[in-house]
Each structure stands twice: as C-alpha cells, then as structure tokens.
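Reviewing the structure listed below.
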Amino acid sequence: MEKTYNPSAIEQKNYQNWEKKGYFKPHGDTSKESFCIMIPPPNVTGSLHMGHAFQDTIMDTIIRYQRMQGKNTLWQHGTDHAGIATQMVVERKLFAETGQTRQELGRETFINKIWEWKEESGGTICKQMRRLGTSVDWDRERFTMDDGLSKAVKKVFVDLYNDDLIYRGKRLVNWDPKLHTAISDLEVESKDEQGFMWYFRYPLADNATTLEGKNYIVVATTRPETMLGDTGVAVNAEDPRYKHLIGKNIVLPFTQRLIPIIADEHADMEKGTGCVKITPAHDFNDYEVGKRNKLPMLNILTFDARIAKEATVFDSNGEVSDVYSAALPIQFQGLTREDARKLVVSELDALGLLEDIKAHALTIPYGDRSAVIIEPMLTDQWYVRVAPLAETATQAVENGDIKFVPQQYENLYKSWMTDIKDWCISRQLWWGHRIPAWYDENGKVYVGHNEEQIRKDNQLDTTVKLTQDEDVLDTWFSSGLWTFSTLGWPEKTLDLKTFHSTDVLVTGFDIIFFWVARMIMMTMHFMKDENGKPQVPFKTIYMTGLIRDENGDKMSKSKGNVLDPLDMIDGIDLESLVTKRCGNMMQPQLAKKIEKQTRKAFAGGIEAHGTDALRFTLAAMASTGRDINWDMNRLEGYRNFCNKFWNASRYVIMSCTDMPCAFNHDADNKQQLSLADRWIQGQLQTTIKEYRHALDTFRFDIAANILYEFIWHQFCGWYLELTKPVLFKGNEAEQRGTRHTLISVLETLLRLAHPIMPFMTEEIWQRLKELTGQGGDTIMLEAFPEVNANLVDKQAVEDLEWLKKVIVAIRNIRGEMDISPKIPLNLLVKNANKDDARRFTENADFLSALAKLESVTMLKNDEKNPICATALVGNLELLIPMAGLIDSKAELTRLNKKLEKTSKDLAKISGKLNNARFVSNAPQAVIDKERGKLAELQSTCEKLEQQINTIKAL
RNA sequence: GCUCGCUUAGCUCAGUGGUAGAGUCCCUGCUCGACAUGCAGGUUGUCACUGGUUCGAACCCAGUAGCGAGCACCA
C-alpha cells in the first residue's frame, strides 16, 4: 500500500467497476423491503455545484446504508429540461455563432438545435456526479421531455382540464420583457430600492372643484408612465374631502380621456393624498379595483415594455372594446419605461401639473432568470386551480404521512399552502411541453391528447381548421410529476407498485414551493392506493441548507466566489482557478475584483483532497437544515482523517499479511485475546449502535463525528499502539488473537464508513478480503454492521480505561516536565488497591510500551520514597523519582496549578452540597454523584498539598 | 409589518437541565518499526444581552439587540 493516501489512484477505477457490474441497480427481490429516493432533477444543461455535491452526498449515504441492509434499493436519476434557462443558453450560442435569432431560424429548427445541444452537454453533470461516487441506477436515467414523461404530462393536463382544475383566462401576469414570457409569482424576486413618489394634479372635468375650491385633485404614483393607461381615480367612499366628487370625471392629461372618480375600499384615507389613479392593465391592485368597478382596461405597453403605438382597449371582462380611443400621444410612442417616465414627468411639469416629488422606498419585482424588472401584463394564460389540490396536500403533512426534517419547515409549508394562489403554467417559450390545446377559427378551445383524438371526440371534420396553442408548460409542471412519472405512470408498472410512495426526498428549502409542494399536490391527486386513498410522493423530506462561502455569502458567478466540487476533489492551481472564475462572465467589469479576491483567498491554489474527504466534510457539516459556511480548513482536516484511516489500514494489512490470523483457512485457529482486543471489540459495539442511530435520524454530522472519534482516537490512538507489544513480543496464540481482532475491527469499520466514504473503504476492503478469505465481490453489497452484545466485555472496558488514565498521567508528567519520551522511567506506586495491583501485573507490557516504563515498584503506604513528581489516578498515587530529571521548582509550579484548579472545582461542588435546597430537591442519583465527586476532589486536594509540602520541605 | 431561524474558543461548527466540546489555528517538545496529511503535551470561552422559572439554565420561558431567510404592504 502507498504510504500516503492517494485518492486519484483508487476512485475512478472502483466507480467504473461498480457501474459495470450493475451494483447500483435494485436487486429486484420484492420479498425484501424496498427503498427508493428520487433525485431532484438537475438542469440538463447545468453543471455540478457545491449544493449538488452536498445533496448527492446525503442521498448516496442514505442509499448505500439502506442497500447494505439488504433492501431492494433504487436511487432514480434524471434531469429536467429547464425551459427558460436552456432556451436562453441556446439562443445566445446561436446568436454568437451565426448571428441568427431563434425567430429567424423558426420554431422547429430551433428546437432541433436545442436537442443537439442537450445531446452534447446533457452528460456533463452525470459525468461529474460519477466523480462523487453517486450510486444511482444510470440505466433508468429519465428526462422530463422523454416520450414517457411527455405522455404523463399530457395526461395530467387533460385530466386536470376535464376536472375543471385547469382553466385559461385573460389575467394580469408577471411578464418578463426580456424573455417575452409570463412567469409564476414564485419566479419573481422582490428587491427593496430607493425611488420617488410623484404627485400629479389631475384636472377635474365640468368645472367641478374640491372643498378648497381647487379645480384638480392630486394623485401620487411611483410609476408616472402608467398614467397613459389610467381609466379611473379611486377615493374612499367615506372620505369627506372627496365624497362629493364621486361620479365626477377627470380629464386625463395628454389624451384628454375622460375618466371617472369612483369609490373603492382600496383607497385609504390615511395614505398619500387619498386619491389613487387606477391603471387596471398595469397594476395588480388596480386590476382588482377595475374589476370591481367595471372600469375598462387599457394596455399601453408592448411585450418589450415600451409604450405602444396605440393602446389596446378592453372592457372589464377582457373583451376588446371601443369605449375609449386607442390613440397614444406620439411623443411617448416607442419609449422605454424609463424614458417614458422622464418625459411624462417633464411634460406634466411644463403643464403645471407636477405638484411634488418625494423620495420613497419601494420594492421592485425582478425576473429571477432575466434580472429585468417584471411588468404586470394583460395576457391570455393557462392556470392550475390550486386550492382544491392544496387541501389534501396540507393534510398529508398535518397527519404525519409526510414528515419534514427538520420539522420547522412544516410551518413554512403550511403557511404557504393555506394562502395559495392559482399557478400560471403557460410560458411563451418554444422549449418545453407544448400545451395540448387546439383552437378553431372562432377561438373555441379543445383540450385533448392530440388533434386526431380531438376531431374524433368533437366530430370535427377536416373542414374545421384547428391550430395548437403556441405556448409550452412551466418546467415545474413536469417536475411536479417526477416521483411517479419516472416510474412509468400512467402505465401500471411493477416499478410503481414496488417503489411508490418513495421514502426520502433530499432537497433544498429554496424549492419547497416550486417543487416539493407542487409534487405533493400533483402526486396525491393522481396516485391512489388500492383503497383509493391518495398516495404521498415520499414519506420524509430532508431539507438541506445552502452552501455559502467562507464569509457566509451566497455563492454566485457574479460574485466570483463559486467553488467547484471537482476542484475540491482534484485540486486546481491558482492560475486555472482565476481563469475559471473570471472567464465567461455576464458582468466582465467585476473580473478584476474577483481575481484579486481569488488570489488572496487561494494563494497556493487548491490542493487535491479526494472525493471521500469532500463527502466526509459535507456529511460532518450537515447539521439539520442550517446553511453551511464552507471552510477549507475543515476539508483539509477530514482529508487528513482519510490519510489516517488509510495508514491504520496499511498497518493492519502489513502486520497480518502472510501471518496466521485465525480465520477459517488458517491451519491453527487457536487464539488468545488481549485486554486491548476485548476492549476495542466492546467499544466498537457501542459505536455501531450510536452510529446507526445517527444515520436513522438523519444526523449525518453526528455519524461523521462518531466515526472520526472512534477511528482516530480509539482505534488508532490507543488500540493500534496496544497491539504493537503483542505483535512484537506475544506468543503465537496471542499474536493470532490480536491479528484476528485487528482485521475484524477494521473490516467492520470499513463497512460502517462505506456509506459516507465509499472509495477508500472499497479499496481497503478488497485488500483485507485477501486476508480473511471471506465476503462477496464488493463492500457495497456486504451487510451493514449490527451490534453484537456478546462482544461487550465490561471488565475489559474498565481495566483498559484505567490503563489509559495511568498512561496519560505519566505522559502528562513527561510533557510538562520536559522529559524526553526516549528516557525510560522507573515508576513508584502508592496507595494501590487490589484492582490496581492486578492491573499493573497484567499490563506490564502495555505500560512499558506506551509509557516507556522501565519498572513499576509498589510501595507500602508508610514506606519512604525519594523526591518524586507525582500524579493521581483516583486514589492511586503515581511517583516518578525526580533525581536528575526534574527541576523541583517546575514540579511545584505544576502541582500548584493542579491544586488551584482542583480547589476551584471543589469549592463549586461543596457549595452545591451545602445548599440545603439542593440536597432536598435534587434527585438522589445526582446528589450521590456530587458527593462522590466531592470525596474524590477532597482526597486529590489533600494529596496534592502533601506533595507540595514534601517538595517545599527540601 | 408578520413569521421563522441564528448568535458557544481567533475561524468553521456540535452540544445533553447537573463541573463547556470537535476540527482548524496558536505555543512547547519529538525523524518512537501505519501515518510530519503524523506523535506527545499545553493555552484558549461573562455560551449576544436583560429578566423569569428551577435546588441548579449555554440548554426551558419572556423581552431586547444584531445577523439571515421567507411572506405581506408599498397611491
């Protein structure tokens, strides 16, 4: 074995072997319990980031753990088509390469281009996932635009439409003026910004006046340009200032449009001027006011969010109307929102109609993909009526059929579900599932699986011209069907029966509404068990936090603080890292700053750490639902741990190769177990129990810590050292016993650690197998360790813990007194009880090896002893003669420091025990424990004082 | 404005109502026959603040402050 753990030499070859042999597949024995995880489908054209690495580590750990317990285990992989994101990427690529737009290319050709791109780049993330060791069943990989899934999407749409859960309507939607599509309210990001409030004078018609005798009223707005689409001014019915004006009209500046003053609850007397301009086609609140008051709607914007050449006029039902002139003043036509705003303000000012401008804090909606300001736009869109679906979905969480880990996310889920809005599912894109709706020439809509079926069902002959809806469905509509569509639905497949409901969903809290909630709603509506009860998509939802950078900032390309998991694994030199972070940026002006940051934070580049170390780090930091601030130091620490584990294995293998180890194939099986052998086996059982509990409760951080502590400090720190005297000096039976234990314990540890660190454990296990001659082809399919209570030897545990204390006490003296570890010591012992005496006799070899003792001499209590440095283990006094070794002043300092600390503890505890209320109220066990501690501390204090006095007396 | 989460060693994070923990950093000494990605020893904390409950609070409760997130409002 190599002296230093070298992950690159072992990872890929093992992965390729696993995949080739089909170990990732469910074993298919349905008499065994099944277990299934559906991966949250990454974007098909995406690449792996730290968040994926984190979630994939968690999922793979769970899956490997369950698989090793013999379950029929499926981890289903797949990608989604990521409508907007993918279309954007290909559009940009097309334009860069040919200068063509998608419109110039035409829909069909463009879609073919996207498929080509998908074939080319779709494998990237899968290749990257393989580097992480993910044991997904690659043969079952699915894509949301596959035939099967597309069929499911169509059926769901048609069925929901027939159940009146999908409808089409002219509504105000969130319109993205850059991407030219509607987006759902979840895809809108609100940002707080400083802006202005403009106050305009709106002239009253027919010589009406306000109470003060003014011939205008004042409205306030943050969006002056929308005034071109005003169709009313609302005041509160109770407002004494304006009550008398209700029913009168305003002459809207520029267009001279006559618009009514109406009474509406929306107008708040306390707010602004009390008068609200109403623009139903360009503001969500105004839209509602318009509906209530039957105001016409004037759309004055193009899909680019510029002022149109002429407005489109609708009545309050959305029907085209001629109640108002569509004309828009020429000077505004074609202006952007920003330019139109400036011009409206300056022209109103010129007309003497600008009353005031005030600074104003407001929230601006941005598209999460395009980062441009979203525009409320009046368009025809398809919606899912969500409220009826939400009810069942909420109950599933309330009654515990679905559990959130950590639990507090249930509140978030519930609060969203109770106030849920209809979901706009149509997108004005080309890449996605085309909406299965057709229109005849009168605009009548027909929904069905295909045109042929629709003609048949509606007796439409070929003289009726049908055209399919141009729009596609929101990507989340298809991902919402993920758990069951990937298993073959709507066919009644064996997979569905075996693996649905799935067991655990591992995902980030940021898509709890986008995906998780919608998946629950969709699944429970379409999947029913044999009794007709809605099936949940998964029983447990494990929510991960975000991986942030070392300063707690979100990782993003524009900040240049993104870390690539593969760079953690393989390492990367500084120049490549700088190039990677600064190249291909949306905002190239940031590159300089990012370069500087990067050179500072990663002056030496990034070292290779290997997949197992990365996975171990992620697991160790996965405490429930919290964001993780990434820390390279933790990664390095756990890489060192891998090396430690590797070298411990190396020691075991070197010590046992070609030696009798008491496995079946050995001729002579006689073995004698040492105290250390019995102790480590016992400790291992406790560890298995705690470790399994941690995994069962999704506490991967605790699991990782248990492994770390046991392997490094118990197995390596104590046990391996304790095997050395046996292997070097013991008799044959003792050596066999120790070798047998070394191998057994290591083999168990490998299986224990395998779910978190698959590569290293497999590599070592294969080598260990040659020594044991036992086991199957791969550690992946070995049984996960179970607790064997028979292996716990209480006496051995107590004896060895005593031994550790004695050794540590002597090492303390050495360390603090600066006695070289090379110098052998003669230990004198006082106040030893029967057990102490026995333990000294039984463990002479261990003591000599680990504490470098030359001799141990028991002294009677009253026997005189030379001047010594001393230590205590309980009442047992350990004495190291000082002659020639120890400076008495140093020993005094050391003892005084100990005494000080002990006295402090003593004072605390005696104070407690002197408190009558403590003694009368605390449980007896606690009191006894405190009394025990008190006695011990008292005796320690006394002994320390004695020792101090002895030295002082010199 | 509402809701939720967080605040523990220089840094990144665990933590059970009964004397504060890990990794990393720091200091001292070590080429001890697995490992210098190591070994031995050491230092490090008003557990954000203020009250309350309790014999006893880092832990339970209330409030305050700071940070973060989600939602709402925004004429």
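Within every chain, numbering begins at 1; the chains are lettered A, B, ... in the order of the sequence lines, protein sequences first and strands thereafter.
Side-chain atoms of A:R634 and base atoms of B:rU24 include no donor and acceptor less than 3.5 Å apart. The base of B:rC74 sits with one of its N or O atoms less than 3.5 Å from a complementary donor or acceptor on the side chain of A:T363. With hydrogens and angles ignored, no donor-acceptor pair under 3.5 angstrom links the side chain of A:S820 to the base of B:rC30. Side chain A:K644 to base B:rC35: a donor-acceptor pair is found below 3.5 Å. For A:E270 against B:rA75, a side-chain-to-base donor-acceptor contact under 3.5 Å is absent.
If you check B:rC74, B:rG41, B:rG33 against the side chain of A:R811, the one that comes closest is B:rG41. With B:rU12, B:rU19, B:rU43 as the candidates, the nucleotide lying closest to the side chain of A:N629 is B:rU12.
Pair assignment for B:rU28 gives B:rA40, based on Watson-Crick or G-U wobble hydrogen-bonding distances that are each under 3.5 Å. Base pairing analysis places B:rA34 opposite nothing; no Watson-Crick or G-U wobble pair with both distances below 3.5 Å involves it. Both distances falling under 3.5 Å, in either a Watson-Crick or a G-U wobble arrangement, place B:rG1 opposite B:rC71. The partner of B:rU54 is absent, by the rule that a Watson-Crick or G-U pair needs both atom distances under 3.5 Å. Pair assignment for B:rU64 gives B:rA48, based on Watson-Crick or G-U wobble hydrogen-bonding distances that are each under 3.5 Å. Remark: B:rU12 base-pairs with B:rA22. Criterion, Watson-Crick or G-U wobble with two distances under 3.5 Å. The nucleotide B:rC59 finds no pairing partner, because no Watson-Crick or G-U wobble arrangement with both distances shorter than 3.5 Å includes it.
Rounded to whole Å, the C1' atom of B:rU24 lies 16 Å from the corresponding atom of B:rG38. Of the C1' atoms belonging to B:rA40 and B:rC49, the separation is 41 Å, rounded to the nearest Å.
In summary, the side chains of A:T221 and A:Y199 do not present any donor paired with an acceptor at a separation below 3.5 Å, with no hydrogens or angles considered. A donor atom on one side chain and an acceptor atom on the other are found under 3.5 Å apart for A:Y366 and A:E193. Side chains of A:K933 and A:Q938: no donor on one and acceptor on the other come within 3.5 Å. A donor atom on one side chain and an acceptor atom on the other are not found under 3.5 Å apart for A:N174 and A:D185.
Place A:V919 and A:D283 on RNA chain B by their nearest nucleotides, and A:V919 ends up nearer the 5' end. Comparing A:N812 and A:F509, the nucleotide of RNA chain B nearest to each residue sits closer to the 5' end for A:N812.
Across all strands shown, A:H609 has no heavy atoms under 4.0 Å from either base or sugar-phosphate atoms.
Side-chain N/O atoms of A:R626 include one lying less than 4.0 angstrom from OP1 or OP2 on B:rU7.
Between A:Y202 and A:Y216, the distance separating the two ring centers is not shorter than 6.0 angstrom.
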